[in-house]
Structure formats: structure tokens, C-alpha cells
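For reference, the structure is listed below as C-alpha cells.
Just so it is clear, the structure is predicted and the values come from calculations on it, not from any experiment. Residue numbers begin at 1 in each chain, while the letters A, B, ... track the order of the sequences.
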Amino acid sequence: MEGEVVLLDFWPSMFGMRTRIALAEKQIKYEYREEDLRNKSALLLQMNPVHKKIPVLIHNGKPICESLIQVQYIDEVWNDRAPLLPPNPYQRATARFWADFVDKKIYDLGAKVWRTKGEEQEAAKKELIECLKLLEGQLGDNPYFGGKDFGFVDVALVPFYCWFYTYEKFGSFSIEAECPKLIAWAKRCMQKESVAKSLADQEKIYDFVLHLKKALGIEDEVAKETVRAAETAGFFRVVNFMDSAILYIKVKWGILSSSMVRSSCKVIALLEGHAHQRAQEVSKFRL
Amino acid sequence: MAAVKLLGVWVSPYNCRVICALKLKGIAYEYIEEDLLNKSPLLLQYNPVHKKIPVLVHDGRPICESAVILRYVDETWPQNPLSPTDPYERAVALFWIKFADDTTSSIAMIYLTTGEEQEKAAKECLEMLETIEEHGLIEGKKFFGGDEINMVDIAFCSVAHWLGVIEEVTGLKPFEPHKLPKLKSWILNFKSVPVIKESLPDIETMLAFFKGRREMVLASKSS
């Protein structure tokens with residue numbers, strides 16, 4: 001039944017961590033392959049041609065993409081141990097709803113907290129805390145979101161715990177002060193071997209983000225300058241200052257369709273001289 | 001007191017997904033039209049987190065988010081199954097339902113934006129349609145579900161029915177049928193299913209609605 005299981009992943013990805021936890025919960029042996037997002041493997045591009053993102057779970061040569069889908073797949077195939085979703089359809093719907101809520105809100109808000117400053121950052125911090133409080137409310141007095149047992153929503157949310165330190169450092173706030181019950185829940189989950197060995201070290205994540213911010217910071221300035229020059233020269237009008245740098249990156253890495261390539265040739269000609277090196281830096285770390 | 005209620009908005013593709021599923025399974029339900037500018041206490045009570053439609057209420061308990069509702073309906077009422085039984089096929093189906101969510105949003109962006117933003121939205125939409133053609137639809141398969149429609153087909157109702165209306169209202173036509181033949185066939189097949197025909201909102205009413213919406217968008221951008 002087990003067959004061959006491979007996980008294409010990137011160590012700081014909270015999405016990859018979800019799948020690692022599920023595999024560990026079910027005690028499935030698998031091969032972990034670290035992807036270099038600056039230099040995506042042929043296997044990754046072949047197994048996830050639509051999004052070209054990690055994590056990708058490969059079971060007996062067949063790919064499953066999207067972390068929550070992977071967790072559900074693992075739960076269904078290895079259904080003889082450590083169930084993650086409850087048997088009752090209404091409870092399953094509730095679990096899926098809250099996992100979807102985590103997906104819709106937490107990643108983007110967290111990213112805004114470490115990427116932005118001033119009003120934008122404050123707004124993101126406020127909304128992030130509101131969302132975490134809602135989740136805290138959903139947890140109630142239960143030890144886990146799954147009730148007395150660790151379950152689907154726990155798997156969906158707990159990987160963000162190793163990113164909280166980064167959010168807090170950049171945002172100058174304490175999540176524990178605002179959501180003590182949630183942090184207590186996270187620490188409880190960390191006592192489980194499957195969680196402890198799947199989450200990355202929070203200080204390493206912080207260092208990784210520091211490095212990434214530096215790279216993006218330089219990128220932003222060069223992109224801005226280059227685009228202003230293009231605008232002045234009359235090549236095109238810019239809606240978003242990052243557009244042309246990203247357009248260039250997308251064309252280079254073959255993500256845009258051919259009709260878009262034609263219209264962006266002038267932009268490329270201009271950027272060719274300047275942004276080649278910088279463009280590589282920006283595209284690297286999209287999780 | 002109906003056991004199954006659906007709180008919805010007639011013009012929403014997400015709402016339509018649920019109607020298609022309920023009708024395909026022959027489930028009787030009470031439909032409650034919501035006014036999103038004046039949300040009912042019932043809606044706010046049943047979906048306090050997002051305050052959005054559709055909301056399915058079964059025996060007094062709410063289920064929110066159309067993709068979650070589809071799975072709940074399929075698991076609770078086993079007749080006319082709407083998802084594959086094989087776990088791998090099911091994982092593939094879920095992937096495409098998520099992609100259908102993204103595609104539906106991108107179609108809406110076309111009528112919600114103007115100028116370069118709108119051009120960008122149309123390009124993104126086209127890319128998604130090309131992806132569906134290349135990776136989602138299989139030559140010779142009538143529907144995503146094979147010979148019968150399933151929840152993936154239902155999830156893509158926005159492509160089958162809303163896209164054409166938005167194109168007509170905005171004048172932008174990202175979808176060129178001759179370039180995406182599998183998608184073109186799928187749309188024809190999907191819209192030919194009797195239950196689907198019954199479930200899709202009337203085109204003329206939709207055109208009038210979106211024309212009005214588009215005028216509001218243009219007015220707000222120019223002021």
C-alpha cells in the first residue's frame with residue numbers, strides 16, 4: 001500500500017510543513033527532496049506544470065499538488081491510522097472551512113507584516129491578530145482544533161507557529177500577549193513528535209527572511225529606477241512600479257503566454273541592459 | 001420548516017454551483033435571495049466570519065464556502081455521486097476546483113477594472129483558460145467527470161456561462177474558441193445538460209445586471 005513516496009519541498013515553507021506533519025502522523029516513509037526555488041528541478045516543473053510550486057507529493061510516480069489536498073489524500077489512502085478528518089460530514093465541512101480560512105488569510109497577512117512598513121504594516125498586524133483571535137475562539141476549551149485529537153485544522157495552522165517569531169520581530173508586537181490560548185495550543189502541538197520534527201527552527205526562518213528582505217529591497221529600488229526611465233522614454237505607462245520587472249522575470253522564465261511576450265518586447269529591450277541580475281534575485285524566493 | 005435552505009444571490013457563480021449540485025441530486029431546498037447591500041440577520045448569523053453567500057443550511061446548521069458545500073452535499077447525499085471514488089482522482093478533482101475558484105475571480109476582475117488593470121486581468125484570465133485547455137481537459141473526455149458531469153464541471157460554471165456575458169458587456173474577449181477547442185466543446189457539453197440549463201441564470205437578465213454594474217464601475221473610476 002505504501003509504494004514510493006517523494007516530497008518536493010523547501011525547508012521554510014509552512015505549506016510543505018503541513019504535508020511533512022501528515023506523513024509523520026501516519027508514519028509513512030518517504031524521500032524528502034529540497035528544491036532550490038531559484039533553480040527549480042525538472043521533476044518539479046514536470047510534476048506541477050500549472051503552478052510550478054512546492055510542496056509536491058509524488059506517490060508511485062503520480063503528483064498531488066496543493067498542501068491541503070495532499071493532507072486529505074494522505075488521510076484517505078492511509079486511513080487505518082491517526083485519522084486527521086472526522087467521520088461525520090458536518091464536522092468535516094467545519095474542518096475544511098477553517099483550514100480554508102487559514103489559507104485565505106494567514107499567509108498573506110503574515111507576509112505583509114514582514115514586508116511592509118507604516119500604515120500598511122499596522123493594518124496587516126491588526127487584521128492578523130483579529131484572524132488569530134477568531135481561530136482562538138474556534139478552538140475554545142478544546143486541546144486541539146480537532147477536539148480531543150490533533151486533526152486537519154491543527155495541521156493546517158501549526159506550521160505558521162515557527163513564522164510567528166519573524167512576524168513579531170518585524171512587526172514589533174507579541175502574538176502571545178494577544179492570543180495566549182493559541183500559543184498554548186501551538187506549544188501543545190510542538191510536544192508531538194510529528195510537529196516538532198516537521199517545523200523549521202524559528203530563528204533560522206528569521207535569518208532567511210532577513211536575507212530575503214535585503215535582496216528584495218535592492219530589487220525594488222532598481223526596478224523603480226528602470227521603470228521610471230522606461231516611462232519617460234515613452235515605452236509604456238505603468239500601473240504598478242513592479243510590473244515591468246516582474247513582466248521581464250516572467251518572460252525569462254517562460255511563464256507568460258506568447259501574446260503577452262509580443263507586447264512586452266519593448267520593455268524587455270530596455271530592461272535587458274539593467275535588470276538581468278536583479279531580476280534573478282526577486283524570482284528566487286516565491287514560496 | 002425546510003430541512004435544506006440555501007442563502008444566495010441569483011447572479012453569483014458560487015451560488016450557481018450549489019444549485020447545480022442540489023438539483024443534480026434531486027434535493028429539495030428553500031432558496032432565500034439575499035441583498036448584499038442589506039445583509040439579513042440570518043446571513044450574518046450563519047456566516048459571521050465572511051458574511052458571504054452561498055450558505056447552505058441543513059437541519060439548522062450552516063455550511064459556508066461553495067467548495068466546502070459541494071463536498072458536504074456529495075458526502076451527505078450519496079445519490080448521483082459528484083466526485084471520483086479513487087483518492088488520487090479525487091485529489092486531482094480538488095486541484096481543479098481550486099483552480100476554478102481562481103479562474104472565477106479572474107473573470108470578475110475583467111468587469112471590475114478599467115484601463116491597464118483590466119488588460120492585465122484579461123491576460124491573466126486567458127492564461128488560466130489556456131492552462132485548463134492544456135492540463136485540465138482530456139481529449140475524448142466529455143466532461144471533467146468523464147461521461148457524466150461532476151463537481152469540477154460545476155465549479156467551472158463561471159467559464160461556461162459568466163465569461164461570455166462579461167465579454168459582451170466589457171467588449172474584451174480573452175476567450176477565442178477556435179484556439180481552445182477542448183474548452184469550447186466542454187462549454188457546449190456542459191450547457192447541454194438539462195439540469196445545468198435549469199440551474200444557470202437567464203442570460204438576458206445577467207446582461208442587464210452586468211451592464212448596470214459596469215456603468216457603476218466606469219462612473220466610480222472617472223470621478
Who among Pro62(B), Cys64(B), Pro48(B) has the most heavy-atom pairs with chain A under 4.5 Å?
Pro62(B)
Largest heavy-atom contact set with chain B, pairs under 4.5 Å, which of Leu68(A), Asp100(A), Leu134(A), Thr94(A)
Asp100(A)
To check you understand the geometry: which heavy-atom pair defines the closest contact between Ile69(A) and Phe95(B), and what is its length?
CD1-N, 3.3 Å
Given the options Lys98(B), Glu134(B), Glu75(B), which has more heavy-atom pairs under 4.5 Å with chain A than any of the others?
Glu75(B)
Would you mind reporting whether Val49(B) and Trp98(A) have side-chain heavy atoms less than 4.5 Å apart?
yes
Is it the case that atom NZ in Lys184(B) sees more than 12 heavy atoms from other parts of the structure closer than 6.0 Å?
no
Looking at Glu89(B), I want to see if its CD is surrounded by more than 12 non-hydrogen atoms of other residues, nucleotides or ligands under 6.0 Å.
yes
Smallest separation among heavy atoms of Tyr73(A) and Pro87(B), with atom names
CD1-O, 3.6 Å
Counting only heavy atoms not in Glu130(A), do more than 12 sit closer than 6.0 Å to its CD atom?
yes
Between Phe101(A) and His50(B), what is the ring plane arrangement, given parallel below 30°, perpendicular above 60°, and tilted in between?
tilted
Shortest non-hydrogen contact from Pro89(A) to Tyr72(B)?
O-CD1, 3.5 Å
Smallest separation among heavy atoms of Ala93(A) and Val68(B), with atom names:
O-CG1, 3.4 Å
Pro63(A) versus Tyr88(B), closest heavy-atom pair with distance
O-OH, 2.8 Å
Pair count under 4.5 Å, heavy atoms only, with chain B: among Lys104(A), Gln70(A), Gln72(A), Arg96(A), highest is Arg96(A)
For Lys39(B), does the NZ atom sit with more than 12 other heavy atoms under 6.0 Å from it, leaving out its own atoms?
yes
Are more than 12 heavy atoms from other residues, nucleotides or ligands located less than 6.0 Å from atom NZ of Lys173(B)?
yes
Nearest 0.5 Å please: distance from the CD1 atom of Ile64(A) over to the CZ atom of Arg90(B).
12.5 Å
What do you reckon, is CD of Glu139(B) surrounded by more than 12 foreign heavy atoms closer than 6.0 Å?
no
Is there side-chain contact between Phe97(A) and Ile63(B), with heavy atoms separated by less than 4.5 Å?
no
Assess whether atom NZ of Lys141(B) is packed by more than 12 heavy atoms of other residues, nucleotides or ligands within 6.0 Å.
yes
Within a reach of under 6.0 Å around CD of Glu168(B), are more than 12 heavy atoms found that belong to other residues, nucleotides or ligands?
no
